[in-house]
Enquirer: 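What follows is a structure written as structure tokens; I'll ask about it next.
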Amino acid sequence: MSTPSPRGRSTMTMQPWFNEAKLGIFVHYGIYSVDGVPESWALFDQVVPHEQYMRQLDGFTAAAFDPSAWAGLFARAGAGYAVLTARHHDGVALWDTRLSDLSVVGRTPAGRDLVAEYVSAMRDRGLRAGLYYSHSDWNHPDYASVRHPRPPHPELVDSPYVSPAPGAEDPRAWERYLDYRDGQVRELLTRFGPDLLWFDGEWERSAEQWRMSELARLIRDLAPDTVCNSRLLGHGDYATPEQGLPMSAPETDWELCLTVNDSWGYRPLDVNHKSVGQLVRYFAQTIGMGGNLLLNVGPRADGTITPEQAQRLEGLGDWIRRHSAAVHGTVGGLPPGHHYGPSTLSPDRRTLYLVCFDPPSETVCVRGLRNAVRRISVLGTGRELAHRRTGGLHDVPGDLWIEAPAPADLAPHGTVLALELDGELELYTGRGRE
């Protein structure tokens with residue numbers, strides 16, 4: 001995976017709305033939902049024969065596709081943006097592309113431009129509209145025409161869907177493919193004006209083979225305010241760790257993409273859903289490290305989101321609404337070790353929000369806090385909590401001990417304490433007397 005340039009040095013243009021959003025909803029929707037097979041990867045991994053995979057075109061109806069209902073659910077979840085798979089690795093476009101006959105508009109019973117409807121519905125609800133687009137297209141006749149010179153994951157490119165046999169490269173075919181790829185990106189930008197482009201599939205070629213600099217220039221020229229992820233190989237705005245929190249935050253803006261169960265697309269046999277409490281933990285830990293959470297759902301072929309996934313989005317939204325002050329407008333909080341849980345900080349750096357996932361039995365401790373504390377209260381109830389300091393010597397501040405909230409003040413899945421500081425946050429991070 002690629003790493004974008006350090007903060008402030010990206011060749012793209014990060015927008016303020018991205019860091020303010022905190023939560024986005026990823027939507028993996030495509031013909032793979034008909035049979036509930038792994039999205040596109042069922043082809044690559046030969047889970048099903050190619051002909052059987054493509055027969056799903058005939059069953060993709062989008063009969064109950066209601067992007068307004070999606071937007072309402074996403075807004076109740078507390079999201080600020082969404083990202084829809086406009087085209088995955090299987091090459092099936094969800095919009096009426098003029099550059100390929102492989103789209104849900106012309107080749108499925110749906111017969112609808114799903115991207116156009118989605119973008120309109122998101123914006124009507126005040127959400128930013130993002131589009132996922134894969135650089136790779138395992139169905140395009142010109143795609144498997146050149147080989148990666150130094151593949152980071154050889155096992156992921158040594159496939160007839162990706163690479164030609166050694167000695168059978170066709171550079172002219174590859175140039176035709178890139179013109180097609182660039183043309184589809186141009187269509188997405190000019191027709192829909194997405195707020196965000198979420199690229200994928202970049203591991204299958206080098207940045208030079210992908211003509212990434214030229215693609216980045218195209219995006220900048222047509223839509224300079226469009227945010228792009230790091231899979232634009234050296235030209236993106238933010239990093240995209242996947243399916244697990246990094247142990248330390250990336251040095252740039254970033255977003256954790258995470259599935260509600262174990263699958264990206266609709267998989268009816270995958271019932272290993274994360275609980276609302278677990279999703280709250282992922283979310284709080286992510287924003288406490290200064291990132292966004294991009295939480296994925298996989299709609300059924302008819303366009304409906306399963307009750308199990310919808311209920312979890314609703315539950316996460318309930319927690320966010322109760323603790324909005326600790327979410328929106330905040331930045332990442334304390335480094336590890338100062339508090340045993342995540343935290344966020346108000347933009348003026350004078351209010352610190354501590355998340356306590358488990359009910360404290362006696363006290364909550366904060367270490368290394370130099371500031372005097374004016375007031376501590378429980379978000380959601382406003383109950384004020386007593387606090388005191390113990391210890392401290394010379395440069396080392398004492399520990400701050402906060403009275404445990406009463407059971408009536410505890411919130412489901414995680415209670416948040418607001419510490420109003422005397423001045424901007426100031427921490428001690430030394431080793432003590434040596």
Side-chain angles (χ1 to χ4, degrees), residues 7-8 13-25 71 74-83 122-123 125-130 195-196 225 227 237-239 245 249-256 279-295 313 315-335 338-339 341-357 366 369 371 373-385 411 413-427:
R7 193 183 301 271
T13 307
M14 175 53 77
Q15 298 298 309
W17 67 260
F18 180 83
N19 288 312
E20 164 59 19
K22 305 301 182 187
L23 177 68
I25 305 298
F74 300 166
R76 292 193 301 276
Y81 63 106
V83 178
M122 295 303 129
R123 291 190 170 143
R125 196 60 188 244
L127 300 177
R128 300 282 180 168
D195 299 286
L196 183 150
D225 293 337
V227 175
D237 295 297
Y238 68 95
L245 273 164
E251 294 183 358
T252 183
D253 299 302
W254 64 283
E255 160 196 86
L256 170 66
L279 294 177
V280 166
R281 289 193 181 219
Y282 273 112
F283 176 70
Q285 289 168 336
T286 300
I287 67 171
M289 294 171 66
N292 285 1
L293 177 63
L294 184 64
L295 185 60
L313 295 190
L316 177 58
D318 290 342
W319 189 89
I320 291 174
R321 275 188 296 278
R322 177 168 178 158
H323 304 103
S324 178
V327 175
H328 298 294
T330 63
V331 296
L334 300 171
H338 290 272
H339 162 61
S343 61
T344 59
L345 187 63
S346 63
D348 65 3
R349 301 183 61 82
R350 291 172 179 265
T351 303
L352 180 65
Y353 300 99
L354 308 180
V355 182
C356 303
F357 292 129
V366 181
L369 182 64
N371 305 73
V373 178
R374 294 180 173 179
R375 182 175 182 269
I376 300 177
S377 60
V378 181
L379 276 193
T381 69
R383 177 86 64 183
E384 188 166 348
L385 302 176
H413 314 305
T415 302
V416 179
L417 311 183
L419 282 64
E420 299 172 23
L421 308 177
D422 185 8
E424 296 184 13
L425 176 68
E426 186 179 356
L427 293 176

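Heavy-atom basis, side chains included; hydrogens, waters and symmetry copies ignored.
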Enquirer: Side chain to side chain contact (heavy atoms under 4.5 Å, CB included) between D318 and H413: does it pass, once the steps are laid out?
Expert: CA-CA 10 Å; D318 290 342; H413 314 305; over 6 Å; no
Enquirer: Return the set of residues passing side-chain contact (heavy atoms from CB on, under 4.5 Å) with N371 (not counting sequence neighbours), or none when no residue passes.
Expert: L369, L421, L425, E426
Enquirer: Could you tell me which non-hydrogen atom of A284 sits nearest to which non-hydrogen atom of P342, and how far apart they are?
Expert: O-CB, 3.4 Å
Enquirer: Nearest 0.5 angstrom please: L379 CG to H323 NE2, how far?
Expert: 6.0 Å
Enquirer: What residues, two or more places apart in sequence or in another chain, satisfy salt bridge (charged side-chain N to carboxylate O under 4.0 Å, His left out) together with E20?
Expert: none
Enquirer: Please determine if E420 and R374 form a salt bridge, counting it only when a charged side-chain N lies under 4.0 Å from a carboxylate O.
Expert: no
Enquirer: I need the N19 CG to D253 CG distance, nearest 0.5 Å.
Expert: 4.5 Å
Enquirer: L385 vs V378, test: side chain to side chain contact (heavy atoms under 4.5 Å, CB included). Steps then yes/no.
Expert: CA-CA 8 Å; L385 302 176; V378 181; 3.8 Å; yes
Enquirer: How many angstroms lie between NE2 in H338 and CG in L354, if you round to the nearest 0.5 Å?
Expert: 12.0 Å
Enquirer: Pair F18, R128 - check side chain to side chain contact (heavy atoms under 4.5 Å, CB included), show working.
Expert: CA-CA 9 Å; F18 180 83; R128 300 282 180 168; over 6 Å; no
Enquirer: Please identify each residue that fulfils ring pair (Phe, Tyr, Trp, His ring centres under 6.0 Å) with H339, with sequence neighbours left out.
Expert: none
Enquirer: Should the pair F283 and W319 be assigned to parallel (<30°), tilted (30 to 60°) or perpendicular (>60°) ring geometry?
Expert: perpendicular
Enquirer: Let's go through V331 and T344 carefully: what are the C-alpha distance in whole Å and the side-chain angles of both, what is the deciding distance for side chain to side chain contact (heavy atoms under 4.5 Å, CB included) to 0.1 Å, and is it a yes or a no?
Expert: CA-CA 6 Å; V331 296; T344 59; over 6 Å; no
Enquirer: Which atoms form the tightest heavy-atom contact between L427 and P335, and what is the distance?
Expert: CD1-CD, 3.6 Å
Enquirer: Measuring from L23:CG to E255:CD, what's the distance to the nearest 0.5 Å?
Expert: 10.0 Å
Enquirer: Which atom names give the shortest non-hydrogen contact between F74 and I25, and what distance separates them?
Expert: CE2-CG2, 3.6 Å
Enquirer: Which residues pass the ring pair (Phe, Tyr, Trp, His ring centres under 6.0 Å) test with Y282, sequence neighbours left out?
Expert: none
Enquirer: Do T330 side-chain atoms and V327 backbone N/O form a donor-acceptor pair below 3.5 Å?
Expert: yes
Enquirer: Tell me, please, which residues at least two apart from S346 pass side chain to side chain donor-acceptor pair (under 3.5 Å).
Expert: D348
Enquirer: What is the minimum heavy-atom distance between E384 and R375, and which atoms define it?
Expert: OE1-NE, 3.4 Å
Enquirer: Write down the atom of D237, the atom of T252, and the distance for their closest heavy-atom approach.
Expert: O-OG1, 3.5 Å
Enquirer: Please report the closest heavy-atom contact between A77 and I320, naming both atoms and the distance.
Expert: O-CD1, 3.4 Å
Enquirer: Once you round to the nearest 0.5 Å, how far does OH of Y238 lie from CG of L196?
Expert: 4.0 Å
Enquirer: Residues two or more places apart in sequence or in another chain: which of them pass side-chain contact (heavy atoms from CB on, under 4.5 Å) with Q15?
Expert: T13, W17, D225, V227
Enquirer: Any chance you could measure S377, atom OG, to L417, atom CG, to the nearest 0.5 Å?
Expert: 8.0 Å
Enquirer: Atom CZ of residue position R76 - does it have more than 12 heavy atoms of other residues, nucleotides or ligands inside 6.0 Å?
Expert: yes
Enquirer: Answer whether the closest heavy-atom distance between the side chains of L245 and T286 falls below 4.5 Å.
Expert: yes
Enquirer: So, do R123 and D195 sit near enough that their side-chain heavy atoms are less than 4.5 Å apart?
Expert: yes
